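These numbers come from a predicted model, not from an experiment. The figures that follow rest on heavy atoms only: side chains count, while hydrogens, waters and symmetry mates do not.
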Amino acid sequence: MPEEKSVTLRSDAQRNRERILEVALAELTEAADAPLSTIARKAGVGQGTFYRNFPNREALVLEVYRYEMQQVSDNAAQLLRTRTPDQALREWMDRLAQYAMAKAGLADALRRTTSRYGSLAQVGHGPVTRAVTLLLNANEEAGTIRPGLTPDDFLLAIAGLWQIDPHGDWQPRATRLLDLVMDGLRAGAPGTPRTATAESEAPRSEAPESENGRT
């Protein structure tokens, strides 16, 4: 019986935590400076419960970000099951950009509370790094990107995403940036397949005319 009660308490605590994260995502997306007391009230938890889970705003914002990034990161394996490695990588980059821009309020909250962090590599590090590692390894094995790239290299290369104004015409800018990054990743790839266009443009040797074919 004591063990069952302990399990129930842990389950309740987990539900409270997840509820806080869900409400915080919605509130912070609407307003980067949403009061913590409002988040606690809408989540249906007391101040004590709230602060046991998240002692300050930065702890809450970072945990919301990590939670959401886990959802984005899970797409990496899904894409690799249905796409070629380079297509999966490029599509995943688009998913990351869409998440970053669509969650404008959360992005603002991140900028305010994590200004001391120099790059995305230090925020939500685990899930994103695992996804990037998976994608880079698949591409390196396929010969579609230059060898020796690390997750930190990749994350530094796309850090410009977080400087794009999410309230403006962000999509063309994000696409150009990510295309440039992808071109850089492909440069020096040992096994990049030749395209049909390149093959069609390659010079072809003419077959010698037979004696019978002359007029």
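- Distance check: L21 CG to L25 CG gives 9.0 Å after rounding to the nearest 0.5 Å.
- Contact of the R57 side chain with the L36 side chain is registered, since non-hydrogen atoms from C-beta on lie closer than 4.5 Å.
- Side-chain contact check for L178 versus L161: some heavy-atom pair is nearer than 4.5 Å.
- Proximity of R15 to D12: side-chain heavy atoms (C-beta onward) are separated by under 4.5 Å at one or more points.
- With 3.5 Å as the limit, one finds a donor-acceptor pair spanning the side chains of D74 and Q70.
- Closest heavy-atom contact between G188 and P147: O-CD, 4.0 Å.
- Between E18 atom CD and I20 atom CD1 the span is 10.5 Å, to the nearest 0.5 Å.
- Pairing each heavy atom of I145 with each of P190, the nearest pair is O-CD, 3.7 Å.
- Side-chain atoms of E27 and V23, non-hydrogen and from C-beta on, do get closer than 4.5 Å to each other.
- Of all non-hydrogen atoms in W92 and A76, the two that sit nearest each other are CD1-N, 3.8 Å.
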- Task: Evaluate side-chain contact (heavy atoms from CB on, under 4.5 Å) for S37 paired with Q47, printing each intermediate quantity in order.
- Result: CA-CA 7 Å; S37 58; Q47 296 292 315; 4.0 Å; yes

- For side-chain contact (heavy atoms from CB on, under 4.5 Å), just list the numbers for T129 and T133, CA-CA rounded to whole Å, side-chain angles, deciding distance to a tenth of an Å, and then say yes or no. CA-CA 6 Å; T129 300; T133 300; 3.9 Å; yes

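- Between I158 and F154 the shortest side-chain heavy-atom distance falls below 4.5 Å.
- For the pair L135 and R90, the minimum side-chain heavy-atom distance is 4.5 Å or more.
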- Message: Please evaluate residues Q14 and S11 with respect to the criterion side chain to side chain donor-acceptor pair (under 3.5 Å), reporting the C-alpha separation (whole Å), side-chain torsions for both, the decisive distance (0.1 Å), and the verdict.
- Response: CA-CA 5 Å; Q14 183 62 29; S11 298; over 6 Å; no

- Verdict with supporting geometry, M69 and L96, side-chain contact (heavy atoms from CB on, under 4.5 Å): CA-CA 9 Å; M69 286 309 303; L96 182 63; 3.4 Å; yes

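- Of all heavy-atom pairs between R19 and K42, the closest is NH2-O, 3.6 Å.
- Nearest heavy-atom pair across I39 and L60 is CD1-CD2, 3.8 Å.
- Side-chain contact between R17 and E22 is absent, with no heavy-atom pair separated by less than 4.5 Å.
- For the side chain to side chain contact (heavy atoms under 4.5 Å, CB included) with L185, the qualifying choice from T144, L180, L89, D86 is L89, the only one to do so.
- Counting only heavy atoms from C-beta outward, the side chains of F54 and V64 never approach each other to under 4.5 Å.
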- Message: If you apply the rule side-chain contact (heavy atoms from CB on, under 4.5 Å), what do you find for L136 with E140, and how did you get there?
- Response: CA-CA 6 Å; L136 292 182; E140 187 165 340; 5.9 Å; no

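- A88 and L80 make their closest contact through CB-CD2, 3.7 Å (heavy atoms, listed as atom of the first residue, atom of the second, distance).
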